Colleague: 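Once you've had a glance at the structure underneath, I'll fire off some questions.
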Amino acid sequence: LAAGDVDGIGALFTRRSLVTPVTGDTLEGMREIEGFYRDSPKPEAVQFRSQQMDRFGRTILDAGTLSLRMPASAGGGTAESEYVMLARMTRNGMKIMRLMLFPARQAAAAPAQ
């Protein structure tokens, strides 16, 4: 993602993958997903932090957080989100079938004393 390797990003997904970005849109299929990332600003740094990963045979369910540090040309700052990913192990490695991104939840405020 940070390298801007759109073909590499597309290769992570199956032909019929679904991605739901934080915007709430639905991207269907490898080509539409590649187009989205091709047209999106390239982050300077990307960090996935898996918080729970479960494996059911060849199927993987992963949930965690994602941070994107954006360049000044794209407004700067860090975009935080949470994700849930469903993937499958294939002969060609892991392929993402579903990826859903959500706005990061804010920590609950401490109760007033």
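Values below: all heavy atoms of this structure, side chains included; hydrogens, waters and symmetry mates excluded. The shown structure was predicted, so the numbers you read here are calculated from the model rather than taken from an experiment.
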Colleague: For residues 6-22, which residue pairs pass the side-chain hydrogen bond (donor to acceptor under 3.5 Å, both in side chains) check, not counting sequence neighbours?
Modeller: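 Qualifying pairs: Thr14-Ser17.
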Colleague: In Å, rounded to the nearest 0.5 Å, how long is the span from CG of Leu12 to CE of Met94?
Modeller: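 The distance works out to 7.0 Å.
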Colleague: Are Leu68 and Phe48 connected in the hydrophobic side-chain network, where two residues link if heavy atoms are under 4.5 Å apart?
Modeller: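 Hydrophobic grouping puts Leu68 with Phe48.
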Colleague: Test Arg49 against Gln51 for side-chain hydrogen bond (donor to acceptor under 3.5 Å, both in side chains), laying out the working first.
Modeller: CA-CA 6 Å; Arg49 290 178 300 280; Gln51 295 175 339; over 6 Å; no
Colleague: Rounded to the nearest 0.5 Å, how far apart are CG of Leu86 and CZ of Phe56?
Modeller: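 Rounded to the nearest 0.5 Å, the CG-CZ separation comes out at 9.5 Å.
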Colleague: Same cluster or not: are Tyr83 and Val22 linked, directly or through other Ile, Leu, Val, Met, Phe, Trp or Tyr residues, by side-chain heavy atoms under 4.5 angstrom apart?
Modeller: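 Tyr83 clusters together with Val22.
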Colleague: Should Ile9 and Met85 be counted in the same cluster of Ile, Leu, Val, Met, Phe, Trp and Tyr side chains packed under 4.5 Å apart?
Modeller: yes
Colleague: Checking Arg38 against Glu32 for the salt bridge (Lys or Arg N to Asp or Glu O under 4.0 Å) test, could you report, in this order, the C-alpha distance in whole Å, the side-chain angles of both residues, the deciding distance, and whether it holds?
Modeller: CA-CA 10 Å; Arg38 183 175 291 111; Glu32 195 168 311; over 6 Å; no
Colleague: Can you get from Met53 to Leu99 by hopping between Ile, Leu, Val, Met, Phe, Trp and Tyr side chains that sit under 4.5 Å apart?
Modeller: yes
Colleague: Applying ring-ring contact (aromatic ring centres under 6.0 Å, His included), can you list everything that pairs with Phe36, at least two apart in sequence or on another chain?
Modeller: none
Colleague: Give me each pair satisfying salt bridge (charged side-chain N to carboxylate O under 4.0 Å, His left out) with a member in residues 50-69, each pair once, sequence neighbours excluded.
Modeller: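 Counting only pairs at least two positions apart or across chains, the salt bridge (charged side-chain N to carboxylate O under 4.0 Å, His left out) contacts touching residues 50-69 are Glu44-Arg69.
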Colleague: Is there a path of hydrophobic side-chain contacts, each under 4.5 Å between heavy atoms of I/L/V/M/F/W/Y residues, joining Ile60 to Ile96?
Modeller: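 Shared cluster, yes.
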Colleague: Listed by chain and number, what are the ring-ring contact (aromatic ring centres under 6.0 Å, His included) partners of Tyr37, not counting sequence neighbours?
Modeller: none
Colleague: Where do Pro71 and Lys42 come nearest, in terms of heavy atoms and distance?
Modeller: CD-O, 3.3 Å
Colleague: Quick one: list whatever passes side-chain contact (heavy atoms from CB on, under 4.5 Å) with Val84, sequence neighbours left out.
Modeller: Leu61, Ala63, Met100, Phe102
Colleague: Could you list all the side-chain hydrogen bond (donor to acceptor under 3.5 Å, both in side chains) pairs where at least one residue sits in residues 84-101, not counting sequence neighbours?
Modeller: Thr59-Arg88
Colleague: What is the minimum heavy-atom distance between Met30 and Gly10, and which atoms define it?
Modeller: CG-O, 3.3 Å
Colleague: To the nearest 0.5 Å, what is the distance between CG on Leu66 and CG on Leu101?
Modeller: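 Separation between the atoms: 6.5 Å.
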Colleague: Applying side-chain hydrogen bond (donor to acceptor under 3.5 Å, both in side chains) to Glu82 and Thr65, what does each step give before you reach the verdict?
Modeller: CA-CA 4 Å; Glu82 297 182 30; Thr65 60; over 6 Å; no
Colleague: Please determine, by modelled atom types, if Glu80 and Ser67 share a side-chain donor-acceptor pair under 3.5 angstrom.
Modeller: yes
Colleague: Return the minimal non-hydrogen interatomic distance between Pro43 and Leu1, and the atom names on each side.
Modeller: CD-O, 3.9 Å
Colleague: Quick check for you: to the nearest 0.5 Å, what is the distance between Glu34 atom CD and Asp39 atom CG?
Modeller: 11.5 Å
